Protein chains: 2
Amino acid sequence: MTKKHASIHDVARAVGVHPSTVSRVLNARTRHLVSPSVAARVTAAARRLGYTPDQVAAGLRTRRSSTVGVLIPDLANPLFPPIVRGIESVLTEAGYTAIIANTDNAAARAREALERFAARRVDGLVLAGVVRRDPLLPRLRALGVPTVLVNRTVDAGGIPAVVNDDAAGSALAVDHLLALGHAFIGHVAGPQRLSTGAARRAGFLAAIKAAGRAVRESAVAVARSYETGAGAQAGRTLLDAHPRLTAIVAANDLLALGCYDELARRGLACPRDVSVVGFNDMPFADRFSPPLTTVHIPHRLIGVEAARLLLEAIAHPETPAREIRVAPELVVRGSTARPPRGRR
Amino acid sequence: MTKKHASIHDVARAVGVHPSTVSRVLNARTRHLVSPSVAARVTAAARRLGYTPDQVAAGLRTRRSSTVGVLIPDLANPLFPPIVRGIESVLTEAGYTAIIANTDNAAARAREALERFAARRVDGLVLAGVVRRDPLLPRLRALGVPTVLVNRTVDAGGIPAVVNDDAAGSALAVDHLLALGHAFIGHVAGPQRLSTGAARRAGFLAAIKAAGRAVRESAVAVARSYETGAGAQAGRTLLDAHPRLTAIVAANDLLALGCYDELARRGLACPRDVSVVGFNDMPFADRFSPPLTTVHIPHRLIGVEAARLLLEAIAHPETPAREIRVAPELVVRGSTARPPRGRR
DNA sequence: GTGAAAGCGCTAACAA
DNA sequence: TTGTTAGCGCTTTCAC
């Protein structure tokens with residue numbers, strides 16, 4: 001807060017009019033209630049005095065903070081900036097200010113952040129990092145703040161959400177590999193406590209089945225986290241169990257990168273020996289070696305839709321929750337090719 | 001803002017005590033003024049009623065919003081998330097909430113964001129995207145809000161700033177190339193209206209000179225922006241003018257990537273024919289093809305230092321501005337090698 | 001150690 | 001069309 005902002009009172013005195021009149025002029029919804037000449041003088045005085053309405057004080061009175069809390073796991077994870085920008089763009093447009101907090105996937109930090117949001121009386125909440133059975137749920141319900149989930153969702157339902165169509169994404173990856181002639185495809189799955197991990201895994205299995213292939217549960221290795229190291233380890237498990245595997249669908253790009261590492265460690269070439277498909281299409285995935293074939297998710301759009309849903313929920317709190325599922329697209333690059341001869 | 005938060009008044013009534021007493025208990029600085037027994041009952045009632053102090057209302061009274069505005073060009077630029085996280089971590093620790101706004105390098109959007117910050121009565125400002133002669137400067141001064149610059153700085157001085165030691169970074173890159181035996185090194189410079197572009201360019205020239213080599217201004221091509229395409233174009237200019245160049249220092253990693261592209265277009269191999277050094281060490285630079293040798297900047301640390309400086313400025317507004325320069329490090333990877341035979 | 005009262009800057013209901 | 005008044009939830013000075 002700075003030295004001394006001019007107040008509505010200062011403007012009123014300068015014009016020789018009552019403060020409420022100034023308020024009326026400044027508020028678009030009530031400006032027509034004041035005579036044009038006075039309005040003009042008020043506007044002029046406000047500009048001359050460098051008057052900036054105190055939005056916080058206004059919020060105290062109107063009981064709306066014009067503020068939205070955005071909870072994400074980690075801003076430095078390349079997945080989230082586009083989502084946040086999408087959210088922010090529509091929120092700003094609507095006169096809201098987004099407040100961002102990182103949880104680093106720690107439940108305790110998420111809880112603290114939620115309490116800070118509550119202390120600021122946010123008008124709404126966007127949660128980008130929930131787990132399927134999120135411990136925050138009861139507190140959320142108690143708070144009664146309009147909330148939208150984005151990117152990941154919860155098992156319970158009842159909260160509006162905007163997510164990628166993960167099953168469709170897995171199918172895109174599997175069908176691409178099948179079309180290339182791969183007969184034996186493995187899956188490096190993400191953590192199953194996350195909706196993305198579970199949905200991509202289920203989608204993978206369903207797509208294999210839909211193609212009339214044998215579904216072997218052992219062709220799926222679950223990674224402990226969405227990080228490169230975990231991907232390498234899961235890749236190793238998979239390849240140890242099935243040396244004749246010719247393709248891997250990874251549940252995200254980092255896991256795919258881990259698979260790259262494990263393949264290199266074994267002296268296997270990608271895509272010559274084993275094809276790899278990622279998930280997310282993170283920035284610069286086209287610069288990897290080899291350039292990564294991956295399922296592109298329109299992250300910014302997901303953020304935009306989430307913010308719109310939230311504005312809706314704020315305006316009409318009783319509207320039943322709905323889930324928006326956004327369609328992903330396959331981006332074919334250099335990490336997939338036909339399987340080696342004799343392994344089709 | 002949600003349905004009905006319990007207020008300090010509710011707590012007071014529950015305990016049968018005056019609201020001011022509740023306030024005293026809740027405020028660490030005045031708690032000792034109230035008897036232990038009453039304090040205990042107040043605390044219990046507050047917890048039972050689920051009372052969360054309204055930080056906004058408190059701010060109205062104390063004239064401190066406990067809020068800091070952070071202005072960045074683009075959150076989706078991998079440079080900024082680590083800086084923001086660094087800022088946020090120390091600000092949160094100190095009880096402040098960061099509000100982020102993106103400018104997309106548009107002066108008009110920066111101005112709007114600044115006004116929104118002013119309307120929220122932020123206690124401080126962190127600006128990450130200033131240009132050397134920033135048009136925001138006069139308005140900033142008028143606002144009188146404690147401000148810290150980060151990552152880039154302005155020519156005028158007088159505002160505390162935390163930046164990378166760009167000259168030192170350029171020297172690191174040049175010396176590395178010289179040590180490898182390169183005799184003719186070019187520079188793809190960043191936009192000169194940005195302090196980083198100017199400082200890295202100056203540092204490059206100075207390092208060449210310090211090594212006793214001829215300084216040719218024409219060995220520098222200035223890119224229009226810090227984007228891949230601009231890097232490719234500048235690289236082309238450079239290589240057209242000096243086909244015998246064996247190494248390029250790029251003013252950031254994206255420009256380096258552009259150089260990769262231009263080299264590929266010419267059928268030149270990196271690092272066999274031409275070595276390339278980047279600047280920033282962006283995430284996954286080690287995954288590029290070839291893995292990028294680059295000047296690592298401790299972005300998170302820079303954010304941390306900036307926030308500390310801001311807290312200092314908020315606490316002691318009259319402290320003279322100082323600039324903190326953080327030391328970069330060279331990370332040698334696969335994009336640099338000895339020059340081709342006959343070109344040393 | 002506790003209560004009373006004023007007021008931060010604004011909006012909104014009611015009067016004139 | 002304009003003025004009056006009350007109060008959002010909190011902190012702080014002053015009395016007791």
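These numbers come from a predicted model, not from an experiment. Labels below follow one simple rule: chain letters A, B, ... track the order of the sequence lines, proteins then strands, and each chain is numbered from 1.
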Trainee: What pairs of nitrogen or oxygen atoms, one from the protein and one from nucleotides 12-16 of chain C, lie under 3.5 Å apart?
Mentor:
none

Trainee: Name the nucleic acid region contacted by B:Val56, choosing base, sugar-phosphate or nothing; use a 4.0 angstrom heavy-atom cut-off, strictly under.
Mentor: nothing
Trainee: Taking CZ from B:Arg13 and C1' from C:dG3, how many angstroms apart are they, rounded to a whole number?
Mentor: 17 Å
Trainee: Could you pick out which residue, B:Ile8 or A:Val38, lies toward the 5' side of DNA chain D when each is mapped onto its nearest nucleotide?
Mentor: A:Val38
Trainee: Could you give the start and end, 5' to 3', of the contact zone on DNA chain D for chain A, using atoms under 4.0 Å from its heavy atoms?
Mentor: D:dT1 to D:dG9
Trainee: If the condition is side chain to side chain donor-acceptor pair (under 3.5 Å), which residues does B:Thr21 pass it with, not counting sequence neighbours?
Mentor: none
Trainee: With sequence neighbours left out, write down each residue that passes side chain to side chain donor-acceptor pair (under 3.5 Å) with A:Arg61, or none if nothing qualifies.
Mentor: none
Trainee: Describe the nucleic acid contact of A:Val17 in one word from base, sugar-phosphate, nothing, applying a heavy-atom distance below 4.0 Å.
Mentor: sugar-phosphate
Trainee: C:dC8 phosphate, OP1 or OP2: any side-chain N/O from B:Arg121 under 4.0 angstrom?
Mentor: no
Trainee: Could I get the full list of side chain to side chain donor-acceptor pair (under 3.5 Å) partners for A:Thr147, not counting sequence neighbours?
Mentor: none
Trainee: Using side chain to side chain donor-acceptor pair (under 3.5 Å) as the criterion, list what pairs up with A:Asp155, not counting sequence neighbours.
Mentor: A:Arg132
Trainee: Between B:Ala57 and B:Val34, which is nearer to the 5' end of DNA chain C once each is assigned its nearest nucleotide?
Mentor: B:Val34
Trainee: Give the table of side-chain donor-acceptor pairs shorter than 3.5 Å for residues 37-46 of chain B, with sequence neighbours excluded, one pair per line with atom names and distance.
Mentor:
residue	atom	partner	partner atom	Å
B:Arg41	NH2	B:Val15	O	3.0
B:Thr43	OG1	B:Ala39	O	2.7

Trainee: Please report, rounded to the nearest Å, how far the C1' atom of C:dG9 is from the CG atom of B:Leu60.
Mentor: 6 Å
Trainee: Looking at B:Thr21, I'd like to know whether one of its side-chain N or O atoms comes within less than 4.0 Å of OP1 or OP2 on C:dG3.
Mentor: yes
Trainee: Taking salt bridge (charged side-chain N to carboxylate O under 4.0 Å, His left out) as the test, write out the residues that go with B:Arg48, two or more places apart.
Mentor: none
Trainee: State, without any angle test, whether B:Ser7 and B:His9 hold a side-chain donor-acceptor pair at a distance under 3.5 Å.
Mentor: no
Trainee: For the helix from C:dG1-D:dC16 to C:dA16-D:dT1, measure the angle between the helix axis at one end and the axis at the other, each built from five pairs, rounding to 10°.
Mentor: 40°
Trainee: Other residues, nucleotides and ligands only: do more than 12 of their heavy atoms fall within 6.0 Å of CZ on A:Arg300?
Mentor: yes
Trainee: Please list, chain by chain and in numerical order, all residues satisfying salt bridge (charged side-chain N to carboxylate O under 4.0 Å, His left out) with B:Arg141, sequence neighbours excluded.
Mentor: none
Trainee: Determine the contact category for B:Pro19: base if any of its heavy atoms lies under 4.0 Å from a base atom, sugar-phosphate if only primed atoms, P, OP1 or OP2 are that close, otherwise nothing.
Mentor: nothing
Trainee: Using salt bridge (charged side-chain N to carboxylate O under 4.0 Å, His left out) as the criterion, list what pairs up with B:Asp134, not counting sequence neighbours.
Mentor: none
Trainee: Show every side-chain hydrogen bond (donor to acceptor under 3.5 Å, both in side chains) that has at least one partner inside residues 105-117 of chain A, sequence neighbours left out.
Mentor: A:Asp104-A:Arg109, A:Glu115-A:Arg139
